[in-house]
Amino acid sequence: MTTGAVGSAGAVRTATVRAWRGLRWYVREFTGEARWDDYLQHCAQHGHAPMSRREFERRRADAVERTPVSRCC
Amino acid sequence: MSGTMTTTDDFGSESSPPDSTAGGRPSIASVLIWTAVAAVGAIAWTVLALARGETVSALWILFAALCSYAIAYRFYARFITYKVLGADDRRATPAERLQNGVDFDVTDRRVLFGHHFAAIAGAGPLVGPVLAAQMGYLPGTIWIVVGVIFAGAVQDLTVLFFSMRRNGKSLGQMVREEIGIVGGIAALIAVFAIMIIILAVLALIVVNALAESPWGVFSIALTIPIALFMGVYLRRIRPGRVLEATGIGVGLLLLAIVGGGWVQDTGLGDALTLSKEWLVLALVIYGFVASILPVWLLLTPRDYLSTFMKVGVIVLLAIGLLIARPVLQADAITSFAREGNGPVFAGSLFPFVFITIACGALSGFHALIASGTTPKMVAKESQVRFIGYGGMLMESFVAISALIAACVIDQGLYFAMNSPAGLTGGTVESAATFVNGLGFGTTAQDLAAASAAVQEPSLISRTGGAPTLAIGISQIFSDAFGGGLQAFWYHFAIMFEALFILTAVDAGTRVGRFMLQDSIGNVWKRFGDLSWRPGNIIASAVVVGLWGSVLYIGVTDPLGGVNQLFPLFGIANQLLAAIALTLGTVLLIKHGKLRYAWVTAVPLVWDLVVTMTASYQKVFSDNPALGYFAQRQRYADALEAGTLLPPAQDADQMQQIVTNSTINGVLQSFFAVLVLVVVANAAIVIVRALRSREPLPTTEEPPTPSRLVEPSGLIPTAEEKRAIAEHERLVGAGAGSGPADGHR
């Protein structure tokens, strides 16, 4: 009985942690915040020295400047 | 570009969907589940259709819609994706081939779905259904559900697919290259003109929601400094921490809503009670400044705010509906549907329900987004079903929720809010008399109590749909979540609608500016240079000036701007859909898929019948309430005879009605003619394609083998998981290129 309760509480905790991680992953991807991590990983793989976060975000913002984003009615 | 690689025979079994049901028998579980979904849907539709006089729960509408969507997505969308379009996951998408990390970028399907949905869904699906509720809940429900399944989602899916096969070309470019120069130019002008009308009508809705409402003006005005603060935060203080900045922004936004309630009772309240004319000026200046400011300062942070609010409210509304389980107050079909004499907008059920509800059922504007950024980010071809068709189903769901919100409020209040001031007289007493005359019970006390409950000076003739929706939402939320916060929820809903309408307006102004600079750049090179400051300023001023003047016309129209302009907006949006569906039909035929061309041709014919009938009636009808020119004639004659016709109160207003009717009528005819030019041009190409022994050349990119392995739909199938694991094993760790883990 106790082990069952612990087991199910554990399962609930695992599921909650998974859901939270999934949500966090999604929101970070959606907002583009995760792009910095991708970039750091890319630099590490290719042995580049990464630019500063400020510089990186500035370049991304400048790219957005040139491509209009449509929002529908 | 000679010939196409995609004759019908290349498809068929090879491009079958990669899951276990392909070709084989479906499993028992699958048969049982889909039978159950079909049964629930059928019961819900039956209840809705047969209910007369008894109380009907709004949840039946929800169930009818959700079951229909599920079946359409599972069967029809799949048929279109694999059989009709021939999506083939062995072909690399432009995102994979041309990946540059900027515009071409392989994006996780779920993330791209979010981006695409955020781009297509705005105020349209919230407003149209509210206005269409004057005809009862049934016509709107049927059109939203059937329309999205057979027209709207089909349009989004096919345009997305064809644009993806052409490296993400825009709708205008595809029409020019695949149909012809004449059609292309007509389409380009139509897109630009239609965008101006759409921006003006959206802005009109905001003006109507904020006029004489100090609470609303205060909260919306504060969104600008909040966005500026977020912009600076993301640029200078903590670069890239979007979640942090958005969290702070949403917190400040909620404070701004609460603060509006306090401010309206102070001396500031009078200063913030703005007339419609002042709001127009404010919006025009705002639109102009937003269009020339750097995007990081205002546009990007506003977009984060509005997207989070949008998703938040939609989720809350769905939960609220399930908890509150409201009962429908509207009739299934009102007499206005049959007689066409409704006060909210003129015209009978056919064609005007199908015009009034554009977004949520069939929205041409989506074709611009489905041929813009989205096709350049799709990872695998088969994902267009989830993103294009699924995204539109989601928008349709938003429209259904809005329809429910409008149909669960007291119908006397509904008509008092949505009839133009010329009819209601503007006071609670005159409005109650007017609404009683329509056959709906209400009293002056009821109407006064309703506005007191949400702490608004008045709710009479608050047309445009947004205030009505806000009333519906505030009622559902305070029923569901308790706490007596109706005034807070009302202003919360107004804020959220205004927020994303303004986001659409400033993004649209910017897109319009780019289009104008691009087009004029063909003749005057310098003007096309986006970094040339004077060019930016002139183009922004032109775009803002155009929608600003239409907005001003709407705001000052004695007959009621929404009543006059909303049909123009709906027809314009659906005419754009006609152009998109024409393109889809031409391309299916050019690709040798004549036998499947009905998939886009049937909604195209329907759409043309609806829009052309509506255009014809708006231009040629001799009923002055319906036809713009008949209306012009009536007021011009009276003006000549020196008599005043209500609702005009002086000769100036008479003259104004004459001018406005003329402008509206001319615009209406102009749009219809542009679309007919595109259709005629397309007909020539179709005849040529049918006569030709060789397939006509298209600009489709030749196939390149894909090296990506990704699931097609939301949830990976067992087979897809195996394929991904196998791929990862083969590629191995450290290969580094591409999202080997299935999500990057």
Using a cut-off of under 4.5 Å on heavy-atom pairs, state which of B:Ala123, B:Ser363, B:Pro239 scores highest against chain A.
B:Pro239
Please confirm whether the backbone N or O of B:Leu530 pairs with a side-chain atom of B:Gln517, one donor and one acceptor, at under 3.5 Å?
no
Where does B:Val102 contact chain A at under 4.5 Å (heavy atoms): side chain, backbone, both or neither?
side chain
Picking from A:Thr31, A:Val27, A:Val64, which has the most non-hydrogen pairs under 4.5 angstrom with chain B?
A:Thr31
Parallel, tilted or perpendicular, as decided by the 30° and 60° cut-offs, for the rings of B:His115 and A:Phe30
tilted
If you apply the rule side chain to side chain contact (heavy atoms under 4.5 Å, CB included), what do you find for B:Phe500 with B:Leu305, and how did you get there?
CA-CA 9 Å; B:Phe500 62 64; B:Leu305 278 182; over 6 Å; no
Parallel, tilted or perpendicular: which one describes the rings of B:Phe569 and B:Phe566, with boundaries at 30° and 60°?
tilted
What do you reckon, is CG of A:Leu23 surrounded by more than 12 foreign heavy atoms closer than 6.0 Å?
yes
Salt bridge A:Arg60-A:Glu57, side-chain N to carboxylate O under 4.0 Å
yes
Let me know if A:Arg66 has heavy atoms under 4.5 Å from chain B in its side chain, its backbone, both or neither.
backbone
Using heavy-atom distances under 4.5 Å, tell me whether B:Phe308 contacts chain A through its side chain, its backbone, both, or neither.
side chain
So what's closer than 4.5 Å to chain A heavy atoms on B:Leu293: side chain, backbone, both or neither?
backbone
When only pairs under 4.5 Å are counted, which of B:Ala507, B:Ala121, B:Pro125 shares the most heavy-atom pairs with chain A?
B:Ala507
A:Asp37 versus chain B, heavy atoms under 4.5 Å apart: side chain, backbone, both or neither?
neither
At a heavy-atom separation under 4.5 Å, does B:Arg236 approach chain A through its side chain, its backbone, both, or neither?
both
Tell me which of these, B:Arg241, B:Arg510, B:His366, has more heavy-atom pairs under 4.5 Å with chain A than the rest.
B:Arg241
So, the side chain of B:Gln99 versus the backbone of B:Asp105: is there a donor-acceptor pair under 3.5 Å, distance only?
no
Under 4.5 Å from a heavy atom of chain A, the part of B:Ile205 involved
neither
Whatever's closer than 4.5 Å to a heavy atom in chain A on B:Thr246 counts as neither
I would like to know whether B:Thr509 and B:Ser291 meet side chain to side chain donor-acceptor pair (under 3.5 Å); could you show each step before the answer?
CA-CA 6 Å; B:Thr509 304; B:Ser291 166; over 6 Å; no
Based on non-hydrogen pairs under 4.5 Å, which of B:Cys359, B:Gly508, B:Ser531, B:Gly114 is most in contact with chain A?
B:Gly114
Could you please spell out the steps behind the side chain to side chain contact (heavy atoms under 4.5 Å, CB included) verdict for A:Glu29 and B:Arg110?
CA-CA 10 Å; A:Glu29 287 285 337; B:Arg110 294 157 293 189; over 6 Å; no
Tell me the closest heavy-atom pair linking B:Trp296 and A:Ala61, and the distance in Å.
CB-CB, 4.2 Å
Can you tell me which of B:Ile501, B:Thr300, B:Val295 forms the most heavy-atom pairs within a distance under 4.5 Å of chain A?
B:Val295
Heavy atoms only, distances under 4.5 angstrom: which of B:Asn573, B:Ile369, B:Leu299, B:Leu112 has the most pairs with chain A? Name it, please.
B:Ile369
